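Have a look at the structure below, then the notes.
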Amino acid sequence: MFHQTPTRSIVLVFALVALALYAIYGGYFAREIVVEIAILAILAISIDVVAGFGGMVSLCHGAIMGVSAYTYGILTAKLGYPALPSAVAAIGAAAVFGTVVGWITARTTGIYFIMATLAFGQMAYTVIFKSRWLGGDDGMGGLPRFDFDWAGIAMNKSLPFALYALLLVLLCYVAAAWVMRSAFGRTLCGIHSNEPRMRAIGVSTIIHRARAMGFSGLLAGVAGIIAGQHIQYISPELLFWTVSGEALIVVILGGLGTLIGPMIGAIAFVLLKHELSGYTDHWHIVVGLVLIATVLAGGRGLYGQIEHWMTRRKARGAAQNA
Amino acid sequence: MDAGFWVLQFLNALQYSMLLFLLSIGLTVIFGLLHFVNLAHGALYMMGAYLGISAAALTGSYWGAFILAPLGVTAIGALLYFTLIDRLRGAGPMNQVLVTFGLIFVFLDIARLGWGDIALGLDAPAGLSGTSNLLGVSYPTYRLFIIGLGAVVMAVLWLVLARTQIGAMIRASVENGDMAAAMGINVGRLFFAVFCVGCALAGLAGVVAAPVFSATTGMGISILIPTLIVVVIGGLGSLQGAIAGSLIVGLIETVGAAFLPSFAAVASYLLLAAILVLRPQGLIPARGT
């Protein structure tokens, strides 16, 4: 079950402020990294919602993100609709896609769910990859950013865009935390830990699973909008299953089922990637080994491990006082 | 489109199906016995191709590679078994998927470190490098060799599983591992042996594929998804399922691609999704229910 503990709030604020300062005082490259972190963080949070709380390990979240990015691209670059309503529609499309996949796959669990989400994600990837109208493997360019010139904010500059991405991370985190704290989030955890019992007390597990995928898809859709606006170009690679796999790695590295962990994981992952690629061409092997070590160490992840130590210390302190 | 075109397409499909079969049979039996999802199976296939190229350079003969590469991959598999896989058997699908996904990354970079980023080729053995006439079309002899090899492996596995005591033990352990252990079968050793055979077949598929597709670092990831589709369509843990699944997927992806290119790419995913939703136990389930 999810609790927004004071520690989590402090870590959230601290991480976001640190990233904002990094964007403000770092140069152009720092801002690019911050945006990259923001996209990955939102995607990881959205996977954590289903995987960490609902036990649904999805390999189609890259595809959901891509559906949002492509819908945004079609509406703006192809059909010429204004950016803001198009973004809302695109996020909606991602949520609908997530709900539909969630509803169809709701009866499957474990490895079957993983495979089913893989199938639907790869289907979306293949359709876009093969579609000449959508640019196929050449991708699609010319996606606009939002126009906030009337407020004196030049979104085409790197700094305002990086801060806007961070703001969306905050919004997505708050939304996810709020939903996971609600009765719906509690029910989802219940379905994860004992599905027959939840069904016995009258909960429709299928509808809850589908809704969870829908909400998670909505968050992934937000990541898709930032990804589309960032380099103003999208390619089918966004939907490939390894994108979801990589985001899942981020969730595990950070701490599954904590919401804040995936964000920490995204920061660590992107920084590690850029640091390591400065020294060696082979950063994948490091990521792979770190991932294996994390899972073998109990799978709590960076943040989860720290929280685990803290609660153990508190428990030990309480035992000594008693 | 004359008859020759059809024969050609059918042979291509059959050849691809046999490669898929060699890979999926290992994956499916490992799942059936160990309940272990090994995403790194494609990486073992890639290692088979690279080890084969090195072995061929070392021994100066394709047949040296043909023998040594599966053995090398089996050694890698045994190492993985004792370090990771045995430990993760009860750890749930998510941990297994994650660790083996991490292994994909590790093997990807090992291949890049060891053999570089360039696609490497392997020459088909001298006797098989030409073309043969079959049903009025000339077809590369080496590809016919792949088809024949797949058929032989299929027949041997079928005989072993259906007619020998080892096969009966494996079938019993897939059906009910605890019961089999209670009847005195050393299930642990059986698991290890089956895992090694699965790895050897993946390595064999890799070295056999190298002359046709040439070895690249991406080959493991690109073959993984069709292999998983085969395994799930056929039914996890089922030999007959792996045969049926690899033929179906092989036909869809080659013959389908020749006629309906845009549909064929999605078709195998559609089939996978339909099977998972409507018949999750697969077309030919391993367990009689």
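To find a chain, count down the sequence lines: A is the first, B the second, and so on, and within it residues start at 1. Predicted model only: the values in this text are computed from it and were never measured.
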Legend entry - chain B contact via A/Ile285 - side chain, backbone, both or neither, heavy atoms under 4.5 Å: both

Inset, instruction - Inspect the contact between A/Glu36 and A/Lys273 and indicate whether a charged nitrogen and a carboxylate oxygen are less than 4.0 angstrom apart. - result: yes

Legend entry - Separation between OG of A/Ser68 and CE of A/Met65, rounded to the nearest 0.5 Å: 9.0 Å

Inset, instruction - Go through the atoms of B/Phe31 and report whether side chain, backbone, both or neither lie under 4.5 Å from a heavy atom of chain A. - result: side chain

Legend entry - Note, B/Leu27 side chain near B/Leu23 side chain (heavy atom, < 4.5 Å): no

Legend entry - Check: B/Glu253/B/Ser268 side-chain N/O donor and acceptor closer than 3.5 Å: yes

Inset, instruction - Give, as side chain, backbone, both or neither, the part of A/Leu256 having an atom under 4.5 angstrom from any heavy atom of chain B. - result: side chain

Legend entry - Interface moiety of A/Phe120 toward chain B, non-hydrogen atoms closer than 4.5 Å: side chain

Inset, instruction - Could you look at B/Leu270 and say if it's the side chain, the backbone, both or neither that has a heavy atom under 4.5 Å from chain A? - result: both

Legend entry - B/Leu278, part contacting chain A, at a heavy-atom distance under 4.5 Å: neither

Legend entry - Interface moiety of B/Val106 toward chain A, non-hydrogen atoms closer than 4.5 Å: both

Inset, instruction - Measure distances from B/Ile225 to the heavy atoms of chain A and classify the residue's part below 4.5 Å as side chain, backbone, both or neither. - result: side chain

Legend entry - pair A/Arg209-A/His192: side-chain heavy atoms closer than 4.5 Å: no

Legend entry - chain B interface, residue from A/Met115, A/Arg107, A/Glu246 that has the most non-hydrogen pairs under 4.5 Å: A/Met115

Inset, instruction - Measure distances from B/Val266 to the heavy atoms of chain A and classify the residue's part below 4.5 Å as side chain, backbone, both or neither. - result: both

Inset, instruction - Against chain B, label A/Ile252 side chain, backbone, both or neither, depending on which of its atoms sit under 4.5 Å from a heavy atom there. - result: side chain

Inset, instruction - Examine the side chains of B/Ser54 and B/Trp115 and answer whether a donor and an acceptor come within less than 3.5 Å of each other. - result: yes

Inset, instruction - Let me know which of A/Ser58, A/Pro262, A/Ser216 forms a side chain to side chain contact (heavy atoms under 4.5 Å, CB included) with A/Ser46. - result: A/Ser216

Inset, instruction - Measure centre to centre between the rings of B/Phe82 and B/Phe192, then say whether the value is under 6.0 Å. - result: yes

Legend entry - Top contributor to chain B interface from A/Thr117, A/Leu296, A/Thr294 [non-hydrogen pairs under 4.5 Å]: A/Leu296

Inset, instruction - Using a 4.5 Å cut-off on heavy atoms from C-beta on, say whether the side chain of B/Leu283 contacts that of B/Ile248. - result: yes

Inset, instruction - Go through the atoms of A/Trp283 and report whether side chain, backbone, both or neither lie under 4.5 Å from a heavy atom of chain B. - result: backbone

Legend entry - A/Ile111, part contacting chain B, at a heavy-atom distance under 4.5 Å: both

